[in-house]
Amino acid sequence: RKHQAASIISLDCKEGKHRFFHSFLLLQEQSTSVVTMVEENLRIHTFTEIPSPEIFSSQIEPKNVPAVFKGCIKNWKAFSKWNPSDGGLIYLQERVGSVAVEAMLSRSAPVFYGDIRSHERVPLSFSTFIRYCLGLLKNRDGRRDDFLESQKHSLVVSDTEQTDLHFGEAPQQFYLAQPVPLETKSLSSVNLWMNSMKARSSTHYDPHHNLLCIVSGCKEVTLWPPSATPYLYPLPLYEEASNHSSVTLEEPDLSLYPRATCLSDFSQKVVLHAGDALFIPEGWFHQVDSEVLTIAVNFWWRSMTISGMLEHMDAYYLRRILKRLTDKEMNKMLHFPSSSMDKTMTCTTSRPNNAYRDHVHQGISTNCGDRSSKDELKSKVMLQDLEPCASQSLSELILLVHNRLNPSKLTESTDNSSAGENDETNKRKEDSCSTSGDPVANLILTLHPLGIHSVFLAMANHFPRTLEALVLHALTPVGSEILTRKFEEMDQLISGDDQNQFYQIFYGVFDDQSAAMDVLLNGKELFARQAFENVLGQYLGNNPDGPKQQTK
């Protein structure tokens, strides 16, 4: 009987699966999901008619963006025969009978958290569950006390311990999940999902592509792209439910999870009715709200991306991905407010960029008699020749360096520093990876790359000791990162000869040029290390913003 029942469900699911994947006809698509700040290429699209297998595999699946297929399973036998409002529960009870299935008994209903501590997976007779659903169907007017009392002692786990499950107080704490394998190599598993009362899954992602098909009832699915992971605070990778968010979306604790304030900016919602299907790509976080007596079937299969990843390359892939995420985090850390952007625009030269660049190049290439290239370049940055904005920035930078540094401390040996001073230095290093409260870094940030060229040549020519103090003592890690990025931008605007002359003059100020280079590189590495640690916390589940939340 068990084999027969399993075969029946499997055949129904298999038929639906074949019809879905082998009878696609693409006519039209339109965007219907609720979006806010979601990038255009991540918006969910709704297909009113179903694409062919070729189009799905070549144009939809590779994008890794969810898609809704309206009415795509209405031709399934299950669509009509499993409908609870039309005798579907009786049909399932007759066909499946007393087959043992797996139920999830939640302590936090109607939300079902992924952590196994929040629920029990218990074997249950399918017919028992159906009888319970039938009772709910007959008592939808709210008068269900007699039914609950009659069922209170019959819902018992078929286990050696014969543990009683008392559902009298909270019958909605019940969600049925029955895996039904299909004989196809392309699918990892096929699952039947039923819930007796309203239910909500906790926010999580799956390591497989997912096609969720609604046989009866209704589900609302809220989705977030993998790029929103930092705002969802996933549980650490070493935990059992590492694919789940640690944020309670109903009432997020913003003191623990401050980034969660941005969650709604990245979310999209779709409502699925009977006959609809939703493609949920791997890695997309989703929360599913199910209405009373909803039945669904989902298909899981491995993506081509994961299938194509060779195991012996895992370490390389990991390092490449972490490096890319670290680079993105560094850019994010350097993001400055609009007021600074406005200042940047006003601090550019009065000439258009191209004209100013051409003017500099023409001046450098002019024959100036017996002067060396170094002297020739210096002659272009006499103080009286500086643009007003560049001259103002130079004055501000000199003042900031002098105010930040006590000349007596420049030669002070770190060996004589007390433990308290060392602690304060460490604290400054922790805070020195942000532009907040760092006027030197902020000033450099607002300078146009060609302004950097003029200001630093003028400083090297007229205030060499101040330039030396700036680099060796006044630059924080974020300042080192910003300055070297500005140098890179400057290099794109001047010739190779001008670059060589600039760096000869810049590093020529230092008695030990390698020491200056070390300071800049060490600062950049400290900044990158902070960004890397942020990535580990945001994407791998370590929470840097507050104490670790107790698992639900």
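Residues: numbered from 1 along the sequence shown. Excluded from the calculations below are hydrogen atoms, water molecules and symmetry mates; all remaining heavy atoms, backbone and side chain alike, are included.
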Heavy-atom pair of closest approach, residues [X] and [Y]:
{"X": "Val247", "Y": "Leu232", "value": "CG2-O, 3.6 Å"}
{"X": "Trp224", "Y": "Ser267", "value": "NE1-CB, 3.3 Å"}
{"X": "Lys74", "Y": "Gly275", "value": "CG-CA, 3.9 Å"}
{"X": "Leu293", "Y": "Ser216", "value": "O-OG, 4.0 Å"}
{"X": "Ser57", "Y": "Glu61", "value": "CA-OE1, 4.0 Å"}
{"X": "Ile306", "Y": "Ser303", "value": "N-OG, 3.2 Å"}

What distance do [X] atom [atom1] and [Y] atom [atom2] have between them, rounded to the nearest 0.5 Å?
{"X": "Leu521", "Y": "Leu526", "atom1": "CG", "atom2": "CG", "value": "11.0 Å"}
{"X": "Ile295", "Y": "Asn195", "atom1": "CD1", "atom2": "CG", "value": "9.0 Å"}
{"X": "Leu42", "Y": "Leu223", "atom1": "CG", "atom2": "CG", "value": "11.5 Å"}
{"X": "Leu263", "Y": "Asp265", "atom1": "CG", "atom2": "CG", "value": "8.5 Å"}
{"X": "Leu235", "Y": "Asn243", "atom1": "CG", "atom2": "CG", "value": "8.5 Å"}
{"X": "Lys524", "Y": "Leu483", "atom1": "NZ", "atom2": "CG", "value": "9.5 Å"}

Discussion item. If we check ring-ring contact (aromatic ring centres under 6.0 Å, His included) with His209, which of these qualifies: Phe299, Trp284, Phe279, Trp300?
Written reply: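 Checked Phe299, Trp284, Phe279, Trp300 against His209; only one passes ring-ring contact (aromatic ring centres under 6.0 Å, His included): Phe279.
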Fill in: By side-chain contact (heavy atoms from CB on, under 4.5 Å) - contacts of Thr326 (at least two apart)
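Applying side-chain contact (heavy atoms from CB on, under 4.5 Å) to Thr326 gives Met330, Ala531, Phe532, Val535.
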Practice prompt. For Cys218 and Val271, run side-chain contact (heavy atoms from CB on, under 4.5 Å): C-alpha distance rounded to whole Å, both residues' side-chain angles, the deciding distance at 0.1 Å, then the answer.
Written response: CA-CA 7 Å; Cys218 178; Val271 178; 3.7 Å; yes
Hey, are the side chains of [X] and [Y] touching, using non-hydrogen atoms and a 4.5 Å cut-off?
{"X": "Pro258", "Y": "Tyr233", "answer": "yes"}
{"X": "Tyr231", "Y": "Phe285", "answer": "no"}
{"X": "Gln499", "Y": "Phe487", "answer": "no"}
{"X": "Val478", "Y": "Leu334", "answer": "yes"}
{"X": "Leu493", "Y": "His448", "answer": "yes"}
{"X": "Val101", "Y": "Pro123", "answer": "no"}
{"X": "Val297", "Y": "Val215", "answer": "yes"}
{"X": "Leu211", "Y": "Leu278", "answer": "no"}

Item to complete: Go through the steps to decide whether Met333 and Asn534 satisfy the test side-chain contact (heavy atoms from CB on, under 4.5 Å), and finish with yes or no.
Response: CA-CA 10 Å; Met333 291 168 65; Asn534 290 352; 3.7 Å; yes
Any donor-acceptor pair under 3.5 Å linking the side chain of [X] with the backbone of [Y]?
{"X": "Ser58", "Y": "Glu54", "answer": "yes"}
{"X": "Lys486", "Y": "Leu445", "answer": "yes"}
{"X": "His45", "Y": "Arg43", "answer": "yes"}
{"X": "Glu49", "Y": "Cys72", "answer": "no"}
{"X": "Asp276", "Y": "Gly71", "answer": "yes"}
{"X": "Asp86", "Y": "Asn83", "answer": "no"}
{"X": "Thr248", "Y": "Glu251", "answer": "no"}
{"X": "His204", "Y": "Ser202", "answer": "yes"}
{"X": "Asp206", "Y": "His208", "answer": "no"}

Discussion item. Go through it in stages, so that I can follow the logic: the residues are Tyr316 and Arg319, the test is side-chain contact (heavy atoms from CB on, under 4.5 Å), and I'd like the CA-CA distance, side-chain angles, deciding distance and then a yes or no.
Written reply: CA-CA 5 Å; Tyr316 168 71; Arg319 292 180 65 86; 5.7 Å; no
[X] and [Y]: side chain donor to acceptor below 3.5 Å:
{"X": "Ser290", "Y": "Lys198", "answer": "no"}
{"X": "Thr222", "Y": "Gln287", "answer": "no"}
{"X": "Arg485", "Y": "Asn331", "answer": "yes"}

Worksheet item: Does Lys332 NZ have over 12 foreign heavy atoms under 6.0 Å away?
Response: yes
Worksheet item: Near Met309 CE, under 6.0 Å, is it more than 12 heavy atoms from other residues, nucleotides or ligands?
Response: yes
Worksheet entry | Trace of the side-chain hydrogen bond (donor to acceptor under 3.5 Å, both in side chains) decision for Lys219 with Thr294 | CA-CA 8 Å; Lys219 289 180 182 284; Thr294 295; 5.8 Å; no
Practice prompt. Take Glu282 and Arg302 through the salt bridge (charged side-chain N to carboxylate O under 4.0 Å, His left out) test and state the conclusion after the steps.
Written response: CA-CA 8 Å; Glu282 63 177 353; Arg302 296 184 68 191; over 6 Å; no
Item to complete: Could you tell me whether Arg529 and Glu533 have a side-chain N and a carboxylate O separated by less than 4.0 Å?
Response: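 Answer for the salt bridge query: yes.
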